[in-house]
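First comes the structure, then the notes that go with it.
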Amino acid sequence: MNMTITEKILADHAGLESVKPGQLVNCKVDLALANDITAPISIKEFRRVGAKKVFDAERVVFVADHFAPNKDIESATQVKMVRDFANEFGVTHFYDGGRMGIEHTLLPEQGLVGPGDLVIGADSHTCTYGALGAFASGVGSTDLAAAMITGEAWYKVPETMLFNLTGKPKKWVGGKDVILYIIGKIGVDGALYKSMEYVGDMVKHLTQDDRFTICNMAIEAGAKNGIFAADDVTKEYVKGRFQRTPKYYSSDPDARYAEKFDIKADDIELQVAFPHLPSNTRPISRVGDVRVDQVVIGSCTNGRYSDLKTAAEIIKGKKVAKGVRLIVIPATPLICKQAANEGLFEIFLDAEAVVSTPTCGPCLGGHMGILAEGERALTTTNRNFRGRMGHPKSEVYLAGPAVAAATAIAGRICSPEDVL
Amino acid sequence: MSEKTFRGRAHLFGDNIDTDAIIPARYMVTSEPAELAKHVMEDADPDFAKNVRKGDVIVAKKNFGCGSSREHAPVAIKAAGVSCVIAKSFARIFYRNAFNMGLPIFESSDAPDKIKPGDELTVDMNTGVITNLTKNEKYVAAPIPEFMQKLIADGGLMASIKKKIS
Ligand code: SF4
């Protein structure tokens with residue numbers, strides 16, 4: 001049949017035997033997602049056309065994570081509008097307050113998305129769920145409004161780029177380093193329009209969390225989606241968690257690819273993306289002396305329990321460098337609880353870090369850690385565009401949790417080896 | 001001629017025509033289609049709005065509609081009477097916005113290099129065949145599937161849904 005995994009999921013959801021790149025298809029969606037910024041616009045569209053119900057009250061999800069807990073009157077008003085809508089139309093999956101986590105961490109954790117799904121989200125990092133063997137892609141609020149009403153969305157079938165990952169990652173190297181390395185190679189428009197598919201013997205060494213991080217940043221290479229076929233690691237992850245029946249797809253051996261890349265673990269050092277593009281990467285050995293004012297560990301990219309644990313391992317028994325603010329933001333309430341129970345909070349608090357409730361917060365320069373003019377942050381988030389975390393003349397460097405933790409201790413960007 | 005075929009004269013543009021060239025930000029104070037149409041393509045061709053006739057076709061090279069995600073761009077083109085846009089490629093967000101706003105667009109690798117300004121064209125949505133009546137040539141673009149033709153005929157995504165649910 002020579003189809004890729006992405007083509008197969010799209011074909012199945014369009015009720016077609018097969019599809020090929022460039023084809024326009026109309027697909028049934030398994031889940032439609034919006035957040036406190038995008039849902040209000042979709043809701044306005046929904047009401048404007050006079051829709052009477054959502055296509056399925058169980059399959060529409062709203063997460064108030066960006067400016068939450070409500071940071072000001074405007075954000076409170078936005079969330080109230082979404083809450084009122086959820087009540088009126090019986091939308092069960094509305095998350096705010098102490099139930100709220102960062103959407104792209106919360107949905108997989110709560111089992112709302114799973115293998116074989118087609119997910120549409122009014123947020124560019126919706127592509128995260130590709131790590132479960134799902135097709136997931138971000139759209140605008142109009143597309144989302146349409147999907148909320150009809151349960152359908154149209155797509156242009158993307159071409160696929162194949163990334164063959166081989167070898168075993170070095171110590172401390174994680175999903176973030178792999179994806180930053182790839183984006184550094186292909187550029188921020190290197191995968192424009194396309195699907196990024198990952199295969200190879202490195203995959204078995206990548207945890208489910210590593211894969212979420214890798215798919216999360218597909219959009220930073222311009223891609224429509226990123227995807228790993230589900231293996232035993234994924235099956236174990238979704239067991240007892242995913243609320244629907246998973247469907248496992250994989251690419252045909254003779255599937256057609258637009259391009260192929262070989263990525264070797266031996267070549268991947270810990271990575272840092274310099275301002276102001278995620279593709280502006282350097283291996284840690286070539287970073288030089290870069291002092292920082294703030295370190296953030298969190299976001300839908302690296303705010304999972306494993307990220308916090310990696311950071312805690314490095315930070316344990318030490319103090320955050322003088323003049324540096326370390327902000328740790330667990331991505332969901334469950335991660336919060338686990339981190340508290342396993343003693344991670346104690347390690348962070350003893351190190352004199354700020355520990356926050358789940359929120360997107362500083363990732364988009366919203367609140368909870370904004371940078372002043374001339375300040376510099378190293379963060380585990382996914383975007384380092386000019387002014388992303390605050391003042392237009394501030395700087396953002398991206399890295400994984402290991403480099404972030406070491407940097408907070410040393411006060412300059414460095415490897416864990418330098419502080420252990 | 002069926003309503004699935006467009007006919008009009010070609011207006012040529014180059015690579016990377018961005019949404020600011022299609023409808024400059026200084027006119028974003030309105031979202032009234034007729035008002036936007038008065039300034040369409042102004043920064044790429046100041047006489048375009050004056051010269052364009054109903055049914056005419058915009059023909060461009062690579063990456064048409066790049067830049068900001070404003071939905072005003074396809075709205076302005078459509079309101080000016082342009083029947084469709086042919087380009088070598090479209091920027092991703094413009095591509096979605098165009099269909100969602102009910103503006104038919106066609107990707108063709110060879111047509112934009114062969115068509116000359118003022119050539120009389122017909123474009124068939126079903127087959128994707130572009131016929132150059134002036135030069136007596138044919139080119140191919142991907143056809144537009146039926147469900148998308150319906151969306152275009154209804155006037156765009158939300159208009160189509162409104163029709164469906166009322
Ligand atoms: S954590 Fe950052 S990237 Fe992720 S959803 Fe929130 S704002 Fe977007």
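Computation of the quantities below employed the complete heavy-atom set of this structure, encompassing side-chain atoms and omitting hydrogens, waters and symmetry-equivalent molecules. Protein chains get the first letters and strands the later ones, always in sequence-line order, with residue 1 at the start of each. Source: prediction; values computed, not measured.
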Side-chain donor/acceptor pairs under 3.5 Å, residues 157-166 of chain B, sequence neighbours excluded:
residue, atom, partner, partner atom, Å
B:Ser160, OG, B:Asp154, OD2, 3.0
B:Lys163, NZ, B:Asp154, OD1, 2.9
B:Ser166, OG, B:Lys162, O, 2.8

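Atom CD of A:Glu259 sits in a crowded spot, with more than 12 heavy atoms from other residues, nucleotides or ligands closer than 6.0 Å. Counted within 6.0 Å of CD on A:Glu17, heavy atoms from surrounding residues, nucleotides or ligands total 12 or fewer; the atom is thus considered open. Atom CG of B:Asp47 is surrounded by more than 12 heavy atoms from other residues, nucleotides or ligands within 6.0 Å. Within 6.0 Å of atom NZ in B:Lys135, more than 12 heavy atoms from other residues, nucleotides or ligands are found, so the atom counts as buried in its surroundings.
Summarising the geometry, atom CZ belonging to B:Arg92 is positioned 12.0 Å from atom CG belonging to A:Asp189; distances are rounded to the nearest 0.5 Å. A distance of 4.0 Å separates OH in B:Tyr95 from CG in A:Leu24, rounded to the nearest 0.5 Å. From B:Arg96, atom CZ reaches atom OG1 of A:Thr142 across 10.0 Å, with rounding to the nearest 0.5 Å.
With a 4.5 Å cut-off on non-hydrogen atoms, A:Val139 touches chain B through its side chain but not through its backbone.
For B:Phe99 and A:Trp154, the ring centers sit closer than 6.0 Å to each other.
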